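The block underneath contains the structure these notes are about, expressed in structure tokens.
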There are 2 protein chains.
Amino acid sequence: MNLKNLSDLLGLSQTTVSRALNDYPEVSEATRARVKAAAIKHHYRANTRAKSLATGRSMAIGHVIPISTRHEIVNPIFADFIAGAGEVYSRNQHDMLLSVVPDVEEERTYRELAAKASVDGVIVHGPRPNDPRIPLLKSLGIPFVVHGRASDGDTDYSWVDVNNRRSFERAANFLFDLGHRRLALINGLEFMDFAKRRKEGFLAAHAARGVAANPALMVTGEMTEDFGFRAAGAMLARPDAPTAFIVSSMIMAIGVRRAISDARLKLGRDISVIIHDDALSYLPNGADIPIFTATKSSVHEAGKLCAQMLLDIINAGDRTPRHTLLETELTVGESTGPA
Amino acid sequence: MNLKNLSDLLGLSQTTVSRALNDYPEVSEATRARVKAAAIKHHYRANTRAKSLATGRSMAIGHVIPISTRHEIVNPIFADFIAGAGEVYSRNQHDMLLSVVPDVEEERTYRELAAKASVDGVIVHGPRPNDPRIPLLKSLGIPFVVHGRASDGDTDYSWVDVNNRRSFERAANFLFDLGHRRLALINGLEFMDFAKRRKEGFLAAHAARGVAANPALMVTGEMTEDFGFRAAGAMLARPDAPTAFIVSSMIMAIGVRRAISDARLKLGRDISVIIHDDALSYLPNGADIPIFTATKSSVHEAGKLCAQMLLDIINAGDRTPRHTLLETELTVGESTGPA
DNA sequence: TGCCAAATTGAAAGCGCTTTGAATATGAAC
DNA sequence: GTTCATATTCAAAGCGCTTTCAATTTGGCA
């Protein structure tokens, strides 16, 4: 069933039928009702490709998911973020186009998306300091929103980010207030911007208290359970073992917990742990009382915000950058206690 | 830069340029080379919408991700599956169209995808027994592949699935062989087909050994850490506590491990655990020696297989169903021992 | 009754590509 | 030098929609 069939059926021109369905005013209410009824009855839906060819808008948003050729890991945050964004797209009749590409081909992918005109805008995932994608997208003229920020370089673009620096500074201060002095940081890979900012916050808190941060207690790595386990295990074996950990993700923290329990220590009593909690739907931080004391910020919500911001930008047609900086919630759980 | 511009530039007709780029034989090698060079030089890529309007193929595959209105959870398996499928699509110049929709609107979404002709085929996620989507997609005439199977009802469709029944039967037998008699099953929600099959396998092993399965030791629920923790905690507190657990996912098992350690028991010595390991990239089952004894099957691989099967079906044009049944690998880790 | 503005409808062009059918150029065979 | 098959190129139609511009109808008012 296409427009021609439908209009023939109704004895109307394609013009009128198209206008009736798209709520143009120059169509009588009587015909509009008749047309809409017929459209529903015959399950008519405008062919997306034809429609977007005619209008010049694809009604689709692109997400380019780079698969690291070195690390072969899929960001576990991804599912919840996508789900959040997807909800917004569905509600606004947009499609989501996902490209999973080896990171080395990322630039080519963006260029193709632009040239093939298959999306109206893109979300940029996992920004790195001085990220080359930002100038690229600007030069291509595609509207985009970055989930996170890329420090250094051009900062004149739209983003939604968590205040990672402040968040980790607060976490460190919380531990200092409990009397801890030997804090460990188990962070994500440092070429990711968020990890860099978290470390800065961690160090800033140390500086403010006049406590020297021990480089041996600051590690960065893949955000896996296994890495958390090894890193924490190694640190706990040191003579200058930390009394508290700040951990960049729930998944890593699960490994940290395993290391702590393997070392026959009790979480919250012998050792304190604060995590950053992305509020992943399948890893809730306890039901009533949080298992971990955490700086919490829902990545599902971030997905929604990014998507909404991008749609707003596209609709507004005005390209002045927008920013949303989310503060985390510091929720106290059972994993922290006095030193 | 569009086809017209490019052909004007070259002093050729659009026909010839199009043919040159699409490797049609009736174009001289000299012109083909000239055209291809110019295309690269001017970053020309055919507009997807125009192309698919002309060819009738959208070169896109749809994935409908239902968000349960009740459970609000995103399947953690999702990211790795999508990454696997996405790799295959990229390699074959296909796009992936993701629709995140409340489960109640799923039917409407499939109908729209069909009517709007925005995809050439779809992957069906999370089949349930007697799943209504299968007859629906058949009636709509869209090629599709199911990740998993829907027992009961029409079985005449293409799928890629793990042999869940056999897998859990083997796991139970492995524990029986170690001398365990009181086995617990911590399973996914039973309206999911895979969970149903796993339970069948669990029960089949019991029946074969003449051991009565204790209904109190078989639970189903959300696949979260928290559910695993609570379920295992409650069971361990019983007078007829299990000596071994079979757990349907790594994430649940992490909760089980927490419950075990809270009960001051040692995993692998006091209590055995076998998990089903989907080999999620961010939750590796230990680095050298597996933490958990597991029935393992990579969901990333399953994503690739589903995608490849669907593309094959679309290209073959032949609609006879194909099936791939994957056997799991039973790898012995440190979480099991004699009763 | 006649006139003009407003309301309503339609024909046709165009979005950027593929593909059919026709036209032209080339070259081998006579 | 023709002739005809083959190789190469092109003009134009068509994919299903939107939108411009033109045509028609309607109704208010003098």
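Only heavy atoms go into these numbers, but all of them, side chains included; no hydrogens, no water, no symmetry mates. Lettering of chains follows the sequences in order, A, B, ..., and the numbering in each one begins at 1. Worth saying up front: this structure is predicted, and the values here are computed from it rather than measured.
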Mind calculating the distance between [atom1] ([X]) and [atom2] ([N]) to the nearest angstrom?
{"X": "B:E26", "N": "C:dA23", "atom1": "CD", "atom2": "P", "result": "18 Å"}
{"X": "B:R57", "N": "D:dG16", "atom1": "CZ", "atom2": "C1'", "result": "19 Å"}
{"X": "B:L10", "N": "D:dT9", "atom1": "CG", "atom2": "P", "result": "12 Å"}
{"X": "B:Q14", "N": "D:dG14", "atom1": "CD", "atom2": "C1'", "result": "13 Å"}
{"X": "A:R19", "N": "D:dT19", "atom1": "CZ", "atom2": "P", "result": "10 Å"}
{"X": "A:L53", "N": "D:dG16", "atom1": "CG", "atom2": "P", "result": "12 Å"}
{"X": "B:M59", "N": "C:dT18", "atom1": "CE", "atom2": "P", "result": "11 Å"}
{"X": "A:L12", "N": "C:dA11", "atom1": "CG", "atom2": "P", "result": "11 Å"}

Heavy-atom donor-acceptor pair, B:S158 side chain to B:R322 backbone, under 3.5 Å: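 Yes; judged by distance alone, with no hydrogens or angles, the pair exists.
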
Sidechain-backbone polar pair: A:N22 side chain, A:Y24 backbone, donor-acceptor under 3.5 Å: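 Absent.
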
Is any side-chain nitrogen or oxygen of [X] closer than 4.0 Å to OP1 or OP2 of [N]?
{"X": "B:S28", "N": "D:dT8", "result": "no"}
{"X": "A:T16", "N": "C:dT9", "result": "no"}
{"X": "B:K51", "N": "C:dT18", "result": "yes"}
{"X": "B:Y44", "N": "C:dC17", "result": "yes"}
{"X": "B:Y24", "N": "C:dT18", "result": "no"}

Polar pair under 3.5 Å, donor/acceptor by atom type, side chain B:R49, base D:dT18: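 No pair found.
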
Check: A:T15 side chain, D:dT19 base, donor-acceptor under 3.5 Å: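 Yes, a donor-acceptor pair under 3.5 Å.
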
Per [X] side chain, nearest of listed nucleotides [options]:
{"X": "A:N22", "options": "D:dT18, C:dG10, D:dT8", "answer": "D:dT18"}
{"X": "A:N2", "options": "D:dC17, C:dG10, C:dC17", "answer": "D:dC17"}
{"X": "B:T31", "options": "C:dC17, D:dC17, D:dT9", "answer": "D:dT9"}
{"X": "A:V27", "options": "C:dT9, C:dC17, D:dT18", "answer": "C:dT9"}
{"X": "A:A54", "options": "C:dG10, C:dT18, C:dG14", "answer": "C:dG14"}

Atom NZ of B:K41 with >12 non-hydrogen neighbours under 6.0 angstrom: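 No, the 6.0 Å shell around NZ holds no more than 12 heavy atoms from other groups.
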
More than 12 heavy atoms of other groups within 6.0 Å of B:K4 NZ: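 Atom NZ in B:K4 is not crowded, with 12 or fewer foreign heavy atoms closer than 6.0 Å.
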
Euclidean distance, B:I123 CD1 relative to B:I82 CD1, rounded to 0.5 Å: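 Answer rounded to 0.5 Å: 8.5 Å.
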
